[in-house]
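Below: one structure, written as structure tokens.
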Amino acid sequence: MSAENSRAAESSHPTPALYGLILAILVSGTALTYFAATWEMGIFNPIVALTIACTKATLVILYFMHVRYSNKLTIITVCAGFFWLLILISLSLSDYLTR
Amino acid sequence: MSTNQTTAPATGHHPAWAHQFENMQQQKEASSFGMWVFLLTEIMMFGGLFTAYMIYRIKFYDAFVAGSSSINVQWGFGNTLVLIGSSFTMAMAVWAAHKGKRMQQVVYLVLTMVLGTAFLGVKAVEYKAKYDECHIPGQVIGKGFNATGGPGCSGEGANIAEELEHPKTLAGKEVAGKPRAAAEQIARQSELFFVFYFAMTGLHATHMIIGLGVLAWILRRAWKSEFGPAYYTPVENFGLYWHFVDIVWIYLFPLLYLINRIPHH
Amino acid sequence: MSTATQTVMPEKHYLNEFFGIRSWLLTKDHKRIAILYLLTISFFFFLGGLFASLIRLELLTPAGDLFQSDTYNKLFTMHGVNMIFFFLIPSVPAVLGNFLVPIMVGARDLAFPKINLLSWYIFIAGAAFALTALLYGGVDTGWTFYTPLSSGYLRTPVIVMGVGILIAGFASIFTGLNFIVTVHRMRAPGMTWGRLPLFVWANYAASLIMVLGTPVLAITLILLVLERGFHIGIFDPKLGGDPVLFQHMFWFYSHPAVYIMILPGMGVISEIITCFSRKRVFGYTFIAFSSIAIAVFGFVVWAHHMFVAGISTYSAMVFSLLSYAVAIPSAVKVFNWIATMYKGSVSYDTPMLYAFGFIGLFTIGGLTGLFLAALGLDVHIHDTYFVIAHFHYVMVGGMVMAYLGGLHFWWPKITGRIYPEFWAKLAALITFIGFNLTFFPQFILGYLGMPRRYHSYPEEFQVLNVLSSAGASILAVGFILPLIYLLWSLRYGEIAGPNPWSAKGLEWTTSSPPPTHNFDVIPVVTEGPYNYGDDEEAAGVH
Amino acid sequence: MQPKLPLFPEQASTIAGQVDSLYIFLVLITAFFSLLIGALILFFAVKYKRKPGRPAEQIHGSTLLEIVWTSIPLGISMVIFVWAAAIFYHMQRPPANAMEIYGVGKQWMWKFEHQGGQREINSLHVPTGRPVKVTLISQDVIHDFFVPAFRVKQDVLPNRYTYTWFEATKPGTYHLFCSQYCGTKHSAMIGDVVVMTPEDYEAWLASGKAEGSLASSGEKLFQQLGCATCHRGDSGARGPNLPGLYGRSVRLTDDRTVVADDNYIRESILLPNAKIVSGFQPIMPTFQGVVKEDDLVQLIAYIKSLPPEDAGPLNNRTSPGMIRDSEVTNIQKQMRQENQDKAASKPSGKQP
Ligand code: HEA
Ligand code: HEA
Ligand code: CUA
Ligand SMILES: [Cu+2]
């Protein structure tokens, strides 16, 4: 197809060492979430938990799922998924939080 | 419309090459993009559940905390590690396929399978515990939902109401237990938490089971040396699916197990 | 066009290359799968039409004297479910889209032919559930399945029906997925985005909705089935659930779904108008992007179905405002079509008649959508016949007309034969008249306050109801006629030749019917779509 | 009498005229665009009918035109939006002096209760010239209160109160429809709205046999159900003192504040522990399954009828911390006992 698409796909791939590093970060992220939940932070508890979860998810998407190394279309697809999810959640909540 | 004609430039005849594609490159790109679009639908499917969860969690916060605290966080924590591990082995399997290392690929796939099965095993243990505790929503399965100490409902956290009645120390402060009426009300409402607990982990587990089935098929093909640097799209696409299921769990763990785990005695 | 008579059928094409029932049931050819879908949804259309006829029969008299009220409730539910999920949603995409999208982008097939076949089987499985529910007496939830009525109160096979729709939803997801990937990855050399036919753009936009919206319907139905099956309160207030949440989740899919039901039709109209005006389309980019805009904006207006359902005043206002945003791209399309006719060379072939019908009726239907999106006004007309009239104008007057127009337009391509022109024109005319007589009175009924889903009604509404029922009987004739003459033409129709309309577009460059792999060699595209004009004189088309 | 084929329902409320004006405006717009488009199609079809020797003239488009036909509809629709939103806003906010009527919907009938205690089934009597606020609740599924002559419609939910209001202008009898599909006899869930002059209305009220006003029935219930044991004015009360509660904002234990409206009071009775008033213990037992929707309506009417005793500081109707934690269990035991006694003496309403 168009040159732009085929360009990046093959060129670089992450190495096992990088995978190992990601694994280590993910494991420590999990531990961190757990400890964060045992800390009284009020409203920040869920925020911290979700921030860590999002970071972990992003790492998985970027490295394990190779999005970092793939074409724009894939990136747009991923972003669209989260964008639509955001529409669903935020507009539903817009009703519940203003009733 | 005037059209020039070219002859189809089929680059080599790989056995996996499907007629509708011009070449393997196009086939690979189409399959991988197809997988991503499929994952898009998955995001929205889980998204519906997350939305409903979010709304009820805001509305019945106490009940969600009570329900969440009654499930065993160790199992959930361990399972998170197991699943992350399986994601890692899966990524390695794709890497091995890409590098054409057949034996490594097979080993990593087997490891992924073992970890995935372990995850489901733990899940089964957890479900069993919930069953014994009468925490399965509705009045159809087992003895029916009962979080206020029903007969024959055993398990440490089975009686959520009683749990709530105990006075406790929260971050150093003495906090009175909930009066019976309040405790019972919250315990009853925690059924809604368990609805989401089972719906979300259940849908996730269904994905795992389907995933393991596909994995077995991939493993077979890997064993028969069907994948190599030239063609490993199925491994790669399955990897995407598997990582997605992992990501869902990354969210489920804090949302279901860790709503509020501030220690108390 | 008279040259068509001399042409002969190609020796080998997708219809005669393989024979036997197996060659159909195991086919991976997108064209054959389109035919399978055509047969299936035609069945459901007439079934739904049968229910509609019974509804109109009951409503002839104010007293509910023909059927029991439960029976009537089942009738409109089965009518709505059949028509929406088993006819209109798959209509243009799964039949015409399936047949044409690969050819139009210059591919040999869709990206995933097996998934395409699978989608048809899934559809059949869903249909089997729906028909089972029907055999067990049918369900009476209304096509909207509102809780807690559907989950806790009715004693009909709601679960079976819910599962049927759930399954059929996946068929739609797979069709959408296939289209998206095909459009992105399978375009012939030179087929840039700016050269894609507008029909492809429209189906692409509809596919986005299928892929992003349908899963939410799936999970909503799963929750509904769980609630009903296990007596757990998710939407049922008895356990603290919120029935309005069901509505949010249902409409998050079902509003965008109405654009699944119109976008592909709009694509058909763009093809027909250009061909029979022999003109390039006016404002290509604007029509193309308005499809995408409709698909995207369509996702942020869903609560306009819930203005009086107990949502907050604030969010009602937000959703109303956004509903107007989604109306603008539709307006853009309408004006561009009209402008395309300007200084064209217009002929009145049947597809063009349907296109005229579409533009007029869709305009009325769409503009009455503005009434419904208007907060203070919707309070009065919500859940009245005004809504019924609105959506039949857009769905029957719009999409069904477009579907029929498209079916006639591409019939020569699909079957290799031409339908009888006289009968076709007559049917189009009858449909137009019957349609307006059926549904125009319903606007007035609605404003007068006649609620929908009423089995009996106060006497003062009778005159308008009789008019409507009379119209429906005319409409029925208009729909049965094509069934007859299209079947007839399969055997006796004139042989069409590759391009009976002298139309532009890759689909007209192959033989009719096309060969199994569409093109002997993949074409290289060197020009935009609708390039009517430059070679017009030379080709001797008048 | 009505003409044979009317186009509008009777205009019998103050809002009806406004809604109709907006409707007519929209009809005109629709007529304009439909005729314009219909006429253009016909005109182009005839004028540019295919003729040998006159090929089509190719035009690609015009950005200017696109801008025009994007912005004109946009402008028109914004006018519609603002106009309609203004009417809606007005509809959503009952005037403070509105007379209150409670409506309960159930499969398949309507029940209304007037402040004076008059009850009616499938009919609703209202006076002209006075805003009437109808507070609605359903006992089972979702219904919808629809009076075409007033141009009002509101879904009736099973889990919380919804409201609608109108001011009738013209005596007469009008349709009341249930316009949310609610099962078998949805189309039979209809009734009459009888609009009367204020004098006739007073006479009607007087003739109706009421067992006492809503508030007074509510007061009786308040005593019977034992609410008064906790909700008292004296300093030893275990629950907050209720006079003056309605419409005030209440501070909760988690520092949120909520306005005490009908839904809040309803929730306080059915799910007392959902929102705990700051300074109190969550000891109030639930009355779910004990009080029916009709009773709730009366209780709420009673609580609303209590005048504010004095303009005390917000929420400080009794001083907080009246009960020591150690007392809680005892109180609860006592409460449960009392409730059981009561349940034994009087068969309560059906469990849902
Ligand atoms: C094909 C299906 C389809 C389509 C395309 C539409 C299009 C639109 N619909 Fe419709 N609708 C339905 C199918 C559809 N609808 C169905 C099935 C229901 C009922 C469901 C149920 O309850 O059972 C419904 C119900 C419905 C409601 C809820 C009513 C109620 O229950 O109270 C509303 C409210 O806002 C609405 C609005 C709109 C709007 C604003 C558009 C717009 O997209 C229309 C845009 C088009 C135009 C505006 C016309 C062209 C423009 C011009 C000619 C230029 C002039 C334009 C301006 C001045 C702006 N629709
Ligand atoms: C694609 C969508 C679609 C289509 C095409 C139609 C087509 C028609 N519809 Fe329907 N309709 C809906 C979608 C659709 N409808 C929906 C979603 C609802 C809401 C349901 C709900 O409230 O839940 C509804 C509701 C609805 C009502 C309101 C019922 C009520 O609220 O009480 C009415 C009433 O007049 C009606 C009439 C008609 C008529 C006369 C046609 C005509 O156009 C039909 C004409 C076709 C025929 C007449 C077929 C001809 C064939 C035969 C008669 C013979 C059959 C024989 C064989 C099987 C061989 N429809
Ligand atoms: Cu009650 Cu319809
Ligand atoms: Cu809509």
Side-chain angles (χ1 to χ4, degrees), chain C residues 69-70 142 146 148-149 153 237-238 243 277-280 282-283 286 308-310 313 317 320-321 324 327-328 331-332 334-335 338 341-347 356 359-360 363-364 367 370-371 374-377 379-380 382-383 444 448-449 451 453-456 458 463 532-533 536-537 542, chain D residues 5-7 9 19 22-23 26 30 33-34 37-38 40-41 44-45 48-50 52 54-61 66 69-70 73-74 77 80-81 84-85 87-88 91-92 140-142 144 146 148 151-155 157-159 162 175 177 179-187 352:
Chain C
S69 46
D70 276 333
Y146 273 18
L149 181 68
Y153 288 83
K238 271 182 234 153
S277 306
R278 312 228 55 81
K279 267 198 58 184
R280 293 177 193 196
F282 193 91
F286 291 91
V308 300
T313 312
M317 295 211 175
S320 168
L321 183 65
Y324 286 103
I328 307 304
V332 168
V334 170
F335 291 122
I338 303 281
M341 285 172 68
Y342 176 67
K343 296 204 169 165
S345 168
V346 180
S347 65
F356 291 163
I359 299 180
T363 299
I364 297 177
L367 285 163
L370 302 183
F371 290 56
L375 284 165
L377 193 49
V379 169
H380 177 56
H382 169 70
D383 267 351
I444 303 169
L448 284 173
R453 297 168 172 174
Y454 260 33
H455 159 241
S456 57
V463 180
Y532 293 101
E536 210 81 313
E537 228 72 29
H542 326 288
Chain D
L5 259 181
L7 296 177
V19 175
L22 175 59
Y23 175 68
L26 272 156
T30 304
F33 278 105
S34 309
I37 283 161
L40 283 176
I41 292 180
F44 288 168
Y48 303 115
K49 187 171 183 324
R50 188 165 302 170
R54 193 193 58 75
E57 238 174 85
Q58 300 303 331
I59 307 160
H60 283 271
E66 303 286 349
W69 61 50
T70 306
L74 190 64
S77 47
I80 304 172
F81 165 71
I87 295 179
F88 185 68
M91 285 173 164
Q92 293 286 91
D140 35 50
V141 301
I142 303 177
D144 186 292
F146 176 32
R151 315 285 190 274
V152 295
K153 180 181 286 126
Q154 177 60 55
D155 273 13
L157 301 177
N159 57 339
T162 50
H175 289 298
F177 293 126
S179 93
Q180 178 63 264
Y181 174 61
C182 55
T184 309
K185 289 196 199 146
H186 162 60
S187 59

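Below, read A as the first sequence line, B as the second, and so on, with proteins coming before strands; counting in each chain starts at 1.
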Residue selection (most heavy-atom pairs with chain D, distance under 4.5 Å) from C/Gly142, C/Ser277, C/Pro243: C/Pro243
Between C/Ala374, C/Ala309, C/Gly360, the one whose heavy-atom pairs under 4.5 Å with chain D are most numerous: C/Ala309
Could you tell me which non-hydrogen atom of [X] sits nearest to which non-hydrogen atom of [Y], and how far apart they are?
X        : Y        : value
D/Phe88  : C/Gly376 : CB-N, 3.8 Å
D/Tyr48  : C/Met341 : CD1-O, 3.8 Å
D/Lys153 : C/Val308 : O-CG1, 3.7 Å
C/Ile364 : D/Ser34  : CG1-OG, 3.6 Å
C/Lys279 : D/Ala56  : CG-CB, 3.5 Å
D/Pro73  : C/Ile328 : C-CD1, 3.8 Å

For each of [options], tally heavy-atom pairs with chain C at distances under 4.5 Å, and name the one with the top tally.
options                               : answer
D/Trp69, D/Phe33, D/Phe44             : D/Trp69
D/Asn159, D/Leu74, D/Ile87, D/Leu26   : D/Leu26
D/Ile59, D/Asp144, D/Leu157, D/Thr162 : D/Ile59
D/Ala45, D/Cys182, D/Gly38, D/Pro158  : D/Ala45
D/Val152, D/Leu22, D/Leu7             : D/Leu7

With heavy-atom distances below 4.5 Å as the criterion, would you say the side chains of [X] and [Y] are in contact?
X        : Y        : answer
C/Ser345 : D/Pro55  : no
C/His380 : D/Tyr23  : no
D/Thr70  : C/Phe286 : no
C/Leu149 : D/Tyr181 : yes
D/Arg151 : C/Val379 : no
C/Pro148 : D/Ile142 : yes

Once the angle between the rings of D/Phe177 and C/Tyr454 is folded into 0 to 90°, is it parallel (under 30°), tilted (30 to 60°) or perpendicular (over 60°)? perpendicular
Kindly say whether C/Arg278 contributes a backbone atom to a donor-acceptor pair with the side chain of D/Gln58 at under 3.5 angstrom? yes
With only heavy atoms counted, which part of C/Tyr153 is less than 4.5 Å from chain D, the side chain, the backbone, both or neither? side chain
For the atom pair [atom1] ([X]) and [atom2] ([Y]), what is the distance rounded to the nearest 0.5 Å?
X        : Y        : atom1 : atom2 : value
C/Leu367 : D/Ile37  : CG    : CD1   : 7.0 Å
D/Ile80  : C/Leu377 : CD1   : CG    : 9.5 Å
D/Phe81  : C/Leu375 : CZ    : CG    : 6.5 Å
D/Glu57  : C/Tyr342 : CD    : OH    : 7.5 Å

Given that the side chain runs from C-beta out, which part of D/Asp140 has a heavy atom under 4.5 Å from chain C: side chain, backbone, both or neither? both
Cut-off 4.5 Å, heavy atoms of chain C, and the answer for D/Glu66 is side chain
